[in-house]
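Let me begin by presenting the structure, written as structure tokens, before commenting on it.
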Amino acid sequence: MKTPDVWKTRLFDCLSVPTLILKPNRVVVDVNTNFLEKFRCNKKDVVGKTCHDFFYNSVEPCPLETCALAKVLADRRGHSDLRYTTTNAGLEKWDNRVFSPILDDAGEVQYVVECIHDVTQLKLLERELSGAKEFTQKLIESSTTAIIAADLQGKILTMNPAAEELTGYSLKEAHERITTKDLYPPGQAKKIMKILRDESLGGKGKLHLSTFTIVNAQGEEIPVELTAAIIYEGDQEAATVGLFNDLRDKLKQDEAMGELRRRIYRAEKMASLGHLAAGVAHEINNPLTGIIFYSDSLLQTLAPDDPRRRSLACIYEDAKRCGKIIKNLLAYSRQETPSEEILHVNTLLEHSLDLIRDRKFFMGIQIRKELSDEIMLIKGDRDQLGQVIVNLVMNAVDAMDHEGTLTLRTYRNKAAQKVYIEVADTGWGIPESDLPLIFDPFFTTKAPGKGTGLGLSTAYGIIKENQGRIWVKETSPSGTTFAVELPLYLPSGRGNNQP
Ligand SMILES: Nc1ncnc2c1ncn2[C@@H]1O[C@H](COP(=O)(O)OP(=O)(O)OP(=O)(O)O)[C@@H](O)[C@H]1O
Ligand SMILES: [Mg+2]
């Protein structure tokens, strides 16, 4: 049977951490085997010395505020401190020193046991982790993609500055005031979660690039490109993360590109059709004049009850219809060199109205003129510009079906040196799907024989040649307004209709 002291020594030695026993005056009374191995010393090198002498080669004890032993002596409880040192080889070392008091019967500290835990690996790992965490944090913060993470109840856990800008909420406001549901139109958050949980839609927990709408703090709907994922802890869903890219600029650019493409297409189509039209029109015009002349002459010679009259009348009418098409084609191809006259816009408008001699055409239509009485001069070809107005007026009247108001408006912007002509009707409007097509040659919604679809494309070409613009200013089922902008001619020669 061993004596209890032998057990104590064995117990002391079997501790797997270097351990010392100190007196309250900091003198070492014993160390365990593990200590001797770790510090590569003999007992005589350490026992009898103070801890500060052994560890730090110092005659003075460590400062009170950093010395855990001093705290143990003060309150007779266990304390620890973390010591950072560098080895002779320059390696970093962290020790967590745990001090525990051994009290006598009177409750006074008789000895202090100091266990030295080497936590260097842990500290290095911690540093690596916090470095990685810091890097990830910086990555998230500097990302121009908005990143929002939320728990499963939709409570916002974090969002980066790009997300703050996109949503209009600061991180604090988002934490306190909203959930992810508030960031979407009704029902959309639920739909996203459903897709995320559906394995057949891009894999479980994943939402690949999709287009959605979010609602910002001001209630505006913003189109976004969204990628989202569920964050799992083991098998359990823990949170969600969404990456949002604002699509507003991209959509604007796409729209501008689309418009540009449409314009190029229209210009190309107009140019090639112009050449073709001019050639064909000239070739057909002569024989057509003959058909009209001879069918008319023949008609005059036939008796009123002659059965051939009907067929002949058809030939005559159809030939005249072809003549109208040829006339439009020739106007469209505009082979003649335009003249350059100084024109008063209001006079041009009045003359153009006079060109539509058939008063029956305006039957049931009230004409309202809102013409500016300022002097508005423009430079251009009277016939061509007149033709633009005639077509706008005829289109407006056609859209009203003998009931409504036709408004003709002129005004100018002297500072911008522009003149404006507006033709407004109270007709049925232009459907949104037709809007990109109306200036295309041969686009017409009118019955066969009624429209050739060349009016607006001809007008477009003429106005463009005159450094102007023509566009649909307004259209709805209660009417349409076409606007034409032309350079104001200034007699001093400062007009911007100079090339
Ligand atoms: N004021 C308007 N209201 C409603 N639709 C219009 C109006 N102006 C033009 N449109 C639409 O634009 C189409 C093209 O007009 P455009 O003047 O080029 O040809 P058109 O009038 O059909 O034929 P054309 O002018 O050659 O006789 C029309 O068929 C019509 O659908
Ligand atoms: Mg027309």
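Each ligand, and each atom within it, is numbered from 1 in the order the structure gives. All of these numbers come straight from a predicted model, not from anything done at the bench. Heavy atoms only: backbone and side chains are in, while hydrogens, waters and symmetry mates are out. Counting from 1, the numbers follow the sequence of the chain as shown.
- Comment: K252 does not engage E255 in a salt bridge, judged by the lack of any side-chain N to carboxylate O separation of less than 4.0 angstrom.
- In this structure, the side chains of L183 and I156 come closer than 4.5 Å at one or more pairs of heavy atoms.
- When heavy-atom distances to ligand 1 are checked against a 4.0 Å cut-off, T475 has no atom that comes that close, whether in backbone or side chain.
- Contact check on E92 versus R127 returns a salt bridge, with a Lys/Arg side-chain nitrogen under 4.0 Å from an Asp/Glu carboxylate oxygen.
- Between R368 and E370 a salt bridge is recorded (basic side-chain N to carboxylate O distance below 4.0 Å).
- At the top of the distance list for atom 19 (O) of ligand 1, counting protein heavy atoms only, stands G453 CA, 3.2 Å.
- Of all protein heavy atoms, the one lying nearest to atom 22 (O) of ligand 1 is T444 OG1, 2.5 Å.
- Protein heavy atom at the shortest distance from atom 12 (O) of ligand 1 is I438 CG2, 3.4 Å.
- Ranking the protein heavy atoms by distance from atom 8 (N) of ligand 1 puts N395 CB, 3.3 Å first.
- What sits closest to atom 26 (O) of ligand 1 on the protein, heavy atoms only, is T452 OG1, 2.5 Å.
- For K320 and D318, the salt-bridge test fails: no basic side-chain N is under 4.0 Å from an acidic carboxylate O.
- Shown are T167, I222, T227, L166; of these, the side chain to side chain contact (heavy atoms under 4.5 Å, CB included) with F244 is made only by L166.
- Looking only at heavy atoms of the protein, atom 30 (C) of ligand 1 is closest to T445 OG1, 3.4 Å.
- Counting only heavy atoms of the protein, atom 3 (N) of ligand 1 lies nearest to A399 CB, 3.2 Å.
- Taking all atoms of both residues into account, the shortest heavy-atom contact from L171 to E164 is N-OE2, 2.7 Å.
- Listed by number with element, the atoms of ligand 1 under 4.0 angstrom from any heavy atom of G451 are 23 (O), 27 (O).
- Heavy-atom proximity to atom 13 (C) of ligand 1, evaluated over F442, F443, F439, is greatest for F443.
- Distance check for M394 against the Mg ion (ligand 2): none of its N/O/S atoms falls below 2.8 Å.
- A salt bridge links E422 to K473: one of the charged nitrogens lies within less than 4.0 Å of a carboxylate oxygen.
- The nearest heavy-atom contact from the protein to atom 25 (O) of ligand 1 is N391 OD1, 3.0 Å.
- Remark: ligand 1 atoms within the under-4.0 Å shell around heavy atoms of I430 are 4 (C), 5 (N), 6 (C).
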